[in-house]
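Each remark here refers to the structure printed beneath this line.
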2 protein chains.
Amino acid sequence: MAEGSYKQFCPVAMAAETLCTRWTMLLVRELVAGSTRFNDLRRGVPRMSPALLSKRLRDLESAGIIARRRAAKAPDIFEYQLTPAGLDLRPVIEAIGIWGQRWVESQPTLENLDPVLLMWDMRRNLNTEPMGSSRSTIQFIYPELPQVHRTWWLIVEPDNVVDLCSVDPGFDVDLYVTTDLRTMTEIWLGLSTVAKARENERLILTGDKGLEQAMQRWLGLSPFAGIEKIAS
Amino acid sequence: MAEGSYKQFCPVAMAAETLCTRWTMLLVRELVAGSTRFNDLRRGVPRMSPALLSKRLRDLESAGIIARRRAAKAPDIFEYQLTPAGLDLRPVIEAIGIWGQRWVESQPTLENLDPVLLMWDMRRNLNTEPMGSSRSTIQFIYPELPQVHRTWWLIVEPDNVVDLCSVDPGFDVDLYVTTDLRTMTEIWLGLSTVAKARENERLILTGDKGLEQAMQRWLGLSPFAGIEKIAS
DNA sequence: CCGGATCCGGTTAGATACTG
DNA sequence: CAGTATCTAACCGGATCCGG
């Protein structure tokens, strides 16, 4: 047992001992969302130091939540995969996320804008169903942001594999999305919609009319976007 | 926003910022279980320093989870009451508790035996329904423990108010329960039963036959006792 | 008793740089 | 890609003390 123990037999206490240390819940969120490799996990928790990430992964392993094994395809690369106990943490993440969506105010939330997290989340949840049978390239432009984070390309290949680039992949662009980071994040979180943002001209679409009309559908939202916010 | 922020707009991250700091989840558990006063909360988290408890209560207040107000009956005493946002944390505590019951192994759990926590939990969840219409006094004896924690009296008044004493209240005892702390905790957690413990003579009942037969019913168990443990 | 505040030493986490 | 190493700052635990 860890020295930091609560010394309580209560199941809540025993679980919290592992789960409620700094960064751990976000790390579990990334694992539940499907990330398995060290640097993928790191992208999901970019402000966590790699030393602490490494320690937390060892902690989760010894708690029986993940298993560290060599990747099947690349034996020199490690993968962290959820065990049955880890997979069963999904309801915990969902309960916390639902509470956060309902009760954490929008204002402090929207002080934490981050284009990298947003774009990777969008990539992860993109709905390829409304896409055609040929490749679709969508360019996002945040004019307010510094060069490195200003322009992004989302590419849906014919086999429905989704790719994200921050350097021009050279493909013809089917749809240009020009907006600001706050507006795009509000839409992602379900606090606004594509239609509302277009009305207010905070989001401008140019290009393929089909992709334009279908944006609210192909843009997969946050898993918690459907939960109604109660706090202001 | 706190300086310790994760800087992520994700609802899980925003919620975890408040909820996943040390002791906070256990404190919320106590609040959800019904404790409202500083020293009642303290009894539920006895190893938490009062300074940190005070800080956490202020944090929970500024997060909109509890409201600090003077008690209606005793205006010089403060009460910490859950707001609607706080009441809505019950599903979070339940999800964590269920996961803990399922996946945390019994062995580390049962290294955290604590007679004070156990007896107060038993008091809190006692089922008075099988009790008669007159006062019932049940004495618990843990022969292994030092004097101060060896003997406890659970008293159910005719109006179904439950009381817990660690000094002899002087009433006639209706039922004597002699056992060891580990056995009683296992029963409480649903890892054993009154019948099994009596078979193995790890739990001895003496006194009123009705109370004896009904012990498994009047002994309310941990809220998670019904969840099947999967881990060993 | 109730509801804290203060002080100090140890542990944990953040920042940054570096490596096989 | 997958981590270590190092240093500093923040947080936490434990004990003590205080005013009503």
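Given the structure is predicted, the values throughout are model-derived calculations rather than measurements. Proteins come first, then strands; the chains are lettered A, B, ... in the order of their sequence lines, and each starts at number 1.
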Rounded to the Å, how far apart are [X] [atom1] and [N] [atom2]?
X: A:Asp59; N: C:dA13; atom1: CG; atom2: P; value: 9 Å
X: A:Leu52; N: C:dT12; atom1: CG; atom2: P; value: 11 Å
X: A:Arg69; N: D:dA2; atom1: CZ; atom2: P; value: 15 Å
X: A:Lys73; N: D:dC1; atom1: NZ; atom2: C1'; value: 17 Å
X: A:Lys55; N: C:dA15; atom1: NZ; atom2: C1'; value: 18 Å
X: B:Phe78; N: C:dA5; atom1: CZ; atom2: P; value: 11 Å
X: A:Arg70; N: D:dG3; atom1: CZ; atom2: C1'; value: 13 Å
X: B:Leu57; N: C:dG3; atom1: CG; atom2: C1'; value: 10 Å

(message) Measuring from atom SG of A:Cys10 to atom CG of B:Leu26, what distance do you get when rounded to the nearest 0.5 angstrom?
(response) 7.0 Å
Examine [N]: is either OP1 or OP2 under 4.0 Å from a nitrogen or oxygen in the side chain of [X]? Give yes or no.
X: A:Ser54; N: D:dT4; result: yes
X: A:Arg47; N: C:dA13; result: no
X: B:Trp23; N: D:dG13; result: yes
X: B:Arg58; N: C:dG3; result: no
X: A:Tyr6; N: D:dG13; result: no

(request) Could you check B:Ser49 against B:Asp40 and say which one's nearest nucleotide on DNA chain C is further toward the 5' end? (result) B:Asp40
(request) Could you check which of D:dA2, D:dG14, D:dC12 has an atom nearest any side-chain atom of B:Arg22? (result) D:dC12
(message) Counting only side-chain heavy atoms from C-beta out, which of D:dG13, D:dA2, C:dA17 sits nearest to A:Pro50?
(response) C:dA17
(message) Under a 3.5 Å threshold, yes or no: a donor from one side chain and an acceptor from the other, between B:Ser106 and B:Thr109?
(response) no
(message) Is it true that A:Trp99 and B:Asp88 share a donor-acceptor pair across their side chains at a distance under 3.5 Å?
(response) no
Identify whether any heavy atom of [X] sits under 4.0 Å from a base atom; if not, whether one sits that close to sugar-phosphate; answer base, sugar-phosphate or nothing.
X: A:Phe38; answer: base
X: B:Arg56; answer: sugar-phosphate
X: B:Arg42; answer: nothing

(message) Tell me whether the count of non-hydrogen atoms from other residues, nucleotides or ligands lying under 6.0 Å of CG in B:Asp159 goes above 12.
(response) yes
If you look only at distance, which donor and acceptor atoms sit under 3.5 Å apart when one is on a side chain in residues 33-42 of chain A and the other is two or more places apart or in another chain?
unit_1	atom_1	unit_2	atom_2	d
A:Asp40	OD1	A:Arg43	NH2	2.9

